[in-house]
Amino acid sequence: MPEPMSSVSFPPSFLWGAATSAYQIEGAVREGGRTPSIWDTFSHTPGRTAGGEHGDIAVDHYHRYREDVALMAELGLGAYRFSISWSRVQPTGRGPAVQVGLDFYRRLVDELLAHGIKPAVTLYHWDLPQELEDAGGWPERDTAYRFAEYAQIVGEALGDRVEQWITLNEPWCSAFLGYGSGVHAPGRTEPAGTLRAAHHLNLAHGLGASALRSVMPARNTVALSLNSATVRPVSQDPADLAAARKIDDLANGVFHGPILHGAYPETLFAATELVTDWSYVQDGDLAAINQPLDALGLNYYTPALVSAAETEVTGPRADGHGASEHTPWPGADDVAFHQTPGDRTAMGWTIDPTGLHELIMRYTREAPGLPLYITENGAAYDDKPDPDGRVHDPERIAYLHGHLAEVRRAIADGADVRGYYLWSLMDNFEWAYGYEKRFGAVYVDYSTLTRTPKSSAYWYGKAARTGALPESDEVF
Ligand code: IFM
């Protein structure tokens with residue numbers, strides 16, 4: 001039985017939002033001069049995604065954005081985080097911008113502002129223009145320079161009307177799943193390339209943040225969203241603690257180190273010395289990466305539980321990041337992943353809201369004074385409409401309640417959390433899992449593309465309108 005839910009109030013300025021990303025919702029992949037991204041290529045490669053599904057149509061947000069914004073307004077959301085499709089704006093990943101592509105985002109932003117919804121733009125949510133991948137992708141340094149150029153173009157076009165900016169979403173996934181385990185686009189499996197990609201993503205963030213600031217009004221804020229992990233050892237045995245340290249460096253330190261503190265952790269270098277010599281970190285890179293941030297975005301779903309492995313781990317790991325014979329964790333073949341006990345979502349991810357509190361408090365200590373946003377949190381369930389057409393998802397309500405209550409507890413404990421973006425506004429293309437995993441607060445019927453708010457959407461809307469989590473005896 002789920003815990004009874006009680007009312008919890010948030011500060012009046014707390015931002016209540018929902019999030020999506022371009023490739024997961026837009027569709028219209030060949031319109032307005034858009035060219036393929038690595039996700040178009042990957043999803044059209046046999047065997048890469050469940051059922052060969054792809055984002056060609058997705059949920060057709062490109063054509064239905066007005067309806068989607070109206071829905072957000074009806075629910076009472078205060079903010080919307082979306083991403084820009086790089087190859088819609090700069091089809092070859094370099095050179096001049098395509099105005100038709102930028103115009104789509106101008107219209108979307110204007111529609112949001114007209115409905116009193118604050119836009120938050122993510123520049124890069126995994127959809128690298130294919131031409132840049134053909135030139136080497138993220139393991140190549142030039143990709144970081146290309147990103148800075150793209151950031152400047154978008155900053156110039158939208159900086160007058162968008163205040164909240166996020167450079168990268170979950171660069172860990174871009175590097176470690178895209179170039180390590182290969183379960184994400186571009187599907188490469190190169191341990192050294194994984195770490196090169198991570199460094200160039202860090203550089204892209206730093207150069208992109210500077211490029212944005214050079215063209216935008218000073219009031220705008222620049223952040224990035226990390227899927228920072230809560231990594232727990234199975235015991236206090238020194239070998240298990242060392243395993244947790246290693247995964248913490250590969251999940252968190254590799255990004256937080258240079259971005260927040262201007263240095264990679266020495267322990268990361270030691271753990272990966274057989275994989276790479278890090279010679280691609282050039283003089284001046286760390287200063288370029290270590291830009292002052294206006295905020296930090298944390299994306300949280302489930303904690304990781306690890307131990308030292310008795311024998312070298314080969315083949316798929318129980319780390320929740322999809323099945324691959326290739327490890328996403330370079331230099332960590334001596335670490336075993338375990339399933340955290342407890343109920344799970346349809347992704348198989350254990351529900352543990354305390355992991356979110358732990359993460360928030362860690363970054364409150366590690367980056368004192370830096371405002372935090374939860375830029376993603378949510379759950380997939382096997383939602384189905386009832387015969388009357390309504391979609392009841394009490395498990396998602398319980399998930400959201402549990403996690404938001406932990407956010408509130410962290411605020412009471414001194415954390416400066418300014419807002420929360422539910423992942424996701426609506427059901428969409430869940431990458432290698434295709435359309436089967438439904439994360440939306442709004443149900444999408446994929447045969448008609450009709451949108452139906454689930455009971456969690458009404459629940460969350462009420463929280464957004466009142467600034468307090470509804471009581472458990474309320475029916476939505
Ligand atoms: O759907 C993804 C999103 O694109 C990035 N963060 C995790 C979500 C759920 O897997």
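As the structure lists them, so they are numbered: ligands from 1, and atoms in each ligand from 1.
The shortest N or O to N or O distance between Trp431 and ligand 1 is under 3.5 Å. For ligand 1, the polar-atom distance check finds an N/O of Glu170 within less than 3.5 Å of one of the ligand's N/O atoms. At under 3.5 Å, a nitrogen or oxygen of Gln24, whether backbone or side chain, sits near a nitrogen or oxygen of ligand 1.
The main-chain N or O of Arg88 is never found under 3.5 Å from a side-chain atom of Arg34 such that the two would form a donor-acceptor pair.
When only modelled atom types and interatomic distance are considered, Asn299 and Thr375 share a side-chain donor-acceptor pair under 3.5 Å.
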For this session: Could you walk me through whether His261 and Glu366 pass side chain to side chain donor-acceptor pair (under 3.5 Å), step by step?
Result: CA-CA 9 Å; His261 311 301; Glu366 208 174 309; 2.9 Å; yes

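Across the listed options His125, His321, Glu376, Glu376 owns the non-hydrogen atom lying nearest to atom 7 (C) of ligand 1. Within the set Tyr301, Trp349, Phe429, the minimum heavy-atom distance to atom 8 (C) of ligand 1 is found for Tyr301.
Near Glu430, with a cut-off below 4.0 Å to any heavy atom, the atoms of ligand 1 are 1 (O), 2 (C), 9 (C), 10 (O).
For the ligand labelled ligand 1, residue Tyr433 lies outside the 4.0 Å heavy-atom shell.
Atom CD1 of Ile57 has 12 or fewer heavy atoms from other residues, nucleotides or ligands within 6.0 Å. Within a 6.0 Å radius of CD in Glu436, other residues, nucleotides and ligands contribute 12 heavy atoms or fewer.
For an aromatic pair to be called close, the ring centres must be under 6.0 Å apart, and Tyr460 with Tyr458 fails this.
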